[in-house]
Number of protein chains: 2
Amino acid sequence: MDTRAKILNAALRLFADHGYDAVGVQTIVEAVEVTKPTLYHYFGSKRGLFETLVREQSASLLQAVREAALYQGDITLTVHRVVQTYFDFAGKHPLFYRMLLSMWFAPPSSEYFAVVQDVLLEQHQLLEAMFRDAVSNHGNMRDRQQQYALSLRGMIDTYIRISMLGMVDLNDTAFRQRLVHQFMHGIFS
Amino acid sequence: MDTRAKILNAALRLFADHGYDAVGVQTIVEAVEVTKPTLYHYFGSKRGLFETLVREQSASLLQAVREAALYQGDITLTVHRVVQTYFDFAGKHPLFYRMLLSMWFAPPSSEYFAVVQDVLLEQHQLLEAMFRDAVSNHGNMRDRQQQYALSLRGMIDTYIRISMLGMVDLNDTAFRQRLVHQFMHGIFS
DNA sequence: TAGACGATATACCGCTTGGTATACTGGCAA
DNA sequence: TTGCCAGTATACCAAGCGGTATATCGTCTA
């Protein structure tokens, strides 16, 4: 593994474990056993390092959500696919998803929030579009796409968090089905 | 308002808006127009200030949840009371609840998390006890109290967050009833 | 073989951080 | 009226912060 990748790895681990503000550049380079100019050579600044980290890691998530959220006539099925996509990603990249989650709830004026906001916004737009496209089939969800998108994300993140505490298994198909059923029940009722 | 209270007020506002790490002691005392030794006279340290803040503000929330979560034979009614309690508190203390929310998702090893964890744990135990007490009436929720408590909190916090974005009105009784109904549906199904 | 270049190190910068030693003030008690 | 004490200010500290000027090394190219 080359130096650049090692720095990104160490930064992810440290940011996820202690938070962006609490981790100094010095700490990161010590963890990789290089010196500061090396880090600044690759990333230009602490913020640049963080932006690179977020963009590279979230690319595959965004792509997967983009495909899963394509409405093709069955909203329940589509929602199920989206849920599965998030659960899969969080299972494969727990450190990154945990970090994303903590920053999604962080004060909007913090430096790192601006970086993460783009990623979150794009996901939100995909989910909203999914619900909007389903409107023709389900008249009662008109103009509620935004709220539905937010609450679906809320539910997904809640259960990802619970699973990180070891309290639930996201790979349990029956469990996932019950979640989606419950969510759809909330929409249609 | 005395100096002590002014410091606590300013600290809450600043921590909620920018995060614990991002706000220096100097910034706080400048906002109140006093000097550092004054702050250290009252609170001993930055962490001491934060602990005092969290403890004083969360006392009323804990008391309200303690009363609301008392199971008296009707679990749906009790859950409804709990939901209303949280919504009321978040409506009355939006700054504090927003701060609490951001820290609840923060990295566990961050300094402030330890302070906030006590408050969260106590709430969780109250909710868990509520579901445990309801077991005799609803055999199918046995040994799931922990998961139920976590997912109820997740749902509550999700909607508080959505309301903070202006996307939903927590004071709408019909809306609250639909939420509780949806949650209970997820439990009983 | 000369030079350019990517990658890395040493040593430093100004600034901010959380925290404190010391001194002063006003009010209240003996 | 003396003395104590809570409360507040001036001025300071060591340590850490993000960031950089400069130099060196090895490799690849002309």
Side-chain angles (χ1 to χ4, degrees), chain A residues 1-56 99 102-103 106-107 109-117, chain B residues 1-56 99 102-103 106-107 109-117:
Chain A
M1 191 164 49
D2 63 347
T3 308
R4 201 190 102 108
K6 273 194 224 163
I7 294 175
L8 285 169
N9 267 10
L12 171 57
R13 161 119 264 147
L14 288 165
F15 287 154
D17 284 352
H18 308 285
Y20 180 83
D21 285 323
V23 174
V25 173
Q26 192 64 47
T27 312
I28 300 172
V29 299
E30 271 166 22
V32 191
E33 290 180 311
V34 295
T35 54
K36 280 206 270 182
T38 302
L39 187 150
Y40 280 88
H41 169 73
Y42 287 112
F43 305 105
S45 66
K46 187 187 178 186
R47 189 192 166 122
L49 162 64
F50 181 64
E51 283 189 19
T52 307
L53 179 62
V54 170
R55 262 192 258 287
E56 293 192 1
M99 189 188 78
S102 80
M103 292 176 170
S109 79
S110 48
E111 195 193 354
Y112 47 86
F113 185 80
V115 177
V116 156
Q117 199 176 20
Chain B
M1 191 162 51
D2 63 347
T3 307
R4 201 190 101 107
K6 273 195 225 162
I7 294 174
L8 285 170
N9 268 7
L12 172 56
R13 160 120 264 146
L14 288 165
F15 287 154
D17 284 352
H18 308 284
Y20 180 84
D21 285 324
V23 174
V25 174
Q26 191 65 46
T27 311
I28 299 172
V29 299
E30 272 167 20
V32 190
E33 290 179 313
V34 294
T35 53
K36 280 206 271 182
T38 302
L39 186 150
Y40 280 88
H41 169 74
Y42 287 113
F43 305 104
S45 65
K46 186 187 180 187
R47 187 192 168 123
L49 162 62
F50 181 64
E51 284 188 19
T52 307
L53 179 62
V54 170
R55 263 193 257 286
E56 292 192 3
M99 190 188 77
S102 79
M103 291 175 171
S109 79
S110 49
E111 195 192 354
Y112 47 86
F113 185 79
V115 176
V116 156
Q117 200 176 19

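Side chains included, hydrogens not; waters and symmetry mates left out as well; all remaining heavy atoms used. Order of the sequence lines fixes the chain letters, A, B, ..., with proteins taken first and strands second; residue numbering starts at 1 for each chain.
In terms of heavy-atom proximity, K36(B) sits nearest to V25(B) at CD-CG1, 3.8 Å. Across all their heavy atoms, D17(A) and S109(B) have their closest contact at O-OG, 2.6 Å. Scanning all heavy atoms of the two residues, the minimum distance from K46(A) to V23(A) falls at NZ-O, 2.9 Å.
Between the C1' atom of dG6(C) and the CG atom of D2(A) lies a distance of 13 Å, rounded to the nearest Å. Atom CD of E111(B) and atom P of dT17(C) are 15 Å apart (whole Å). Rounded to an integer number of Å, the gap from I28(B) CD1 to dT16(C) C1' is 14 Å. Straight-line distance from the CZ atom of F43(B) to the P atom of dG7(D): 11 Å, rounded to whole Å.
Ring geometry for F15(B) against Y20(B) counts as tilted: the plane angle lies between 30° and 60°, on a 0 to 90° scale.
The side chain of H41(B) contributes no N or O atom lying less than 4.0 Å from OP1 or OP2 of dT8(D). Contact annotation: T38(B) side-chain N/O to dA9(D) OP1/OP2 distance is under 4.0 Å. One finds a side-chain N or O of T3(A) lying less than 4.0 angstrom from the OP1 or OP2 phosphate oxygen of dT8(C).
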Heavy-atom contacts, protein to nucleotides 14-22 of chain D, under 4.0 Å, summarised as B (base), S (sugar-phosphate only) or - (none) per nt, yield ---SBBBB-

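Within the 4.5 Å cutoff, side-chain heavy atoms of F50(B) are placed close to those of M103(B). Contact of the V34(A) side chain with the H41(A) side chain is not registered, since no non-hydrogen atoms from C-beta on lie closer than 4.5 Å.
Not a single donor-acceptor pair under 3.5 Å links the side chain of K6(B) to the backbone N or O of E33(B). In terms of modelled atom types and a separation under 3.5 Å, the side chain of S102(B) and the main chain of P107(A) share no donor-acceptor contact.
Across residues 4-12 of chain A, not one residue has a non-hydrogen atom less than 4.0 Å from an atom of DNA chain D.
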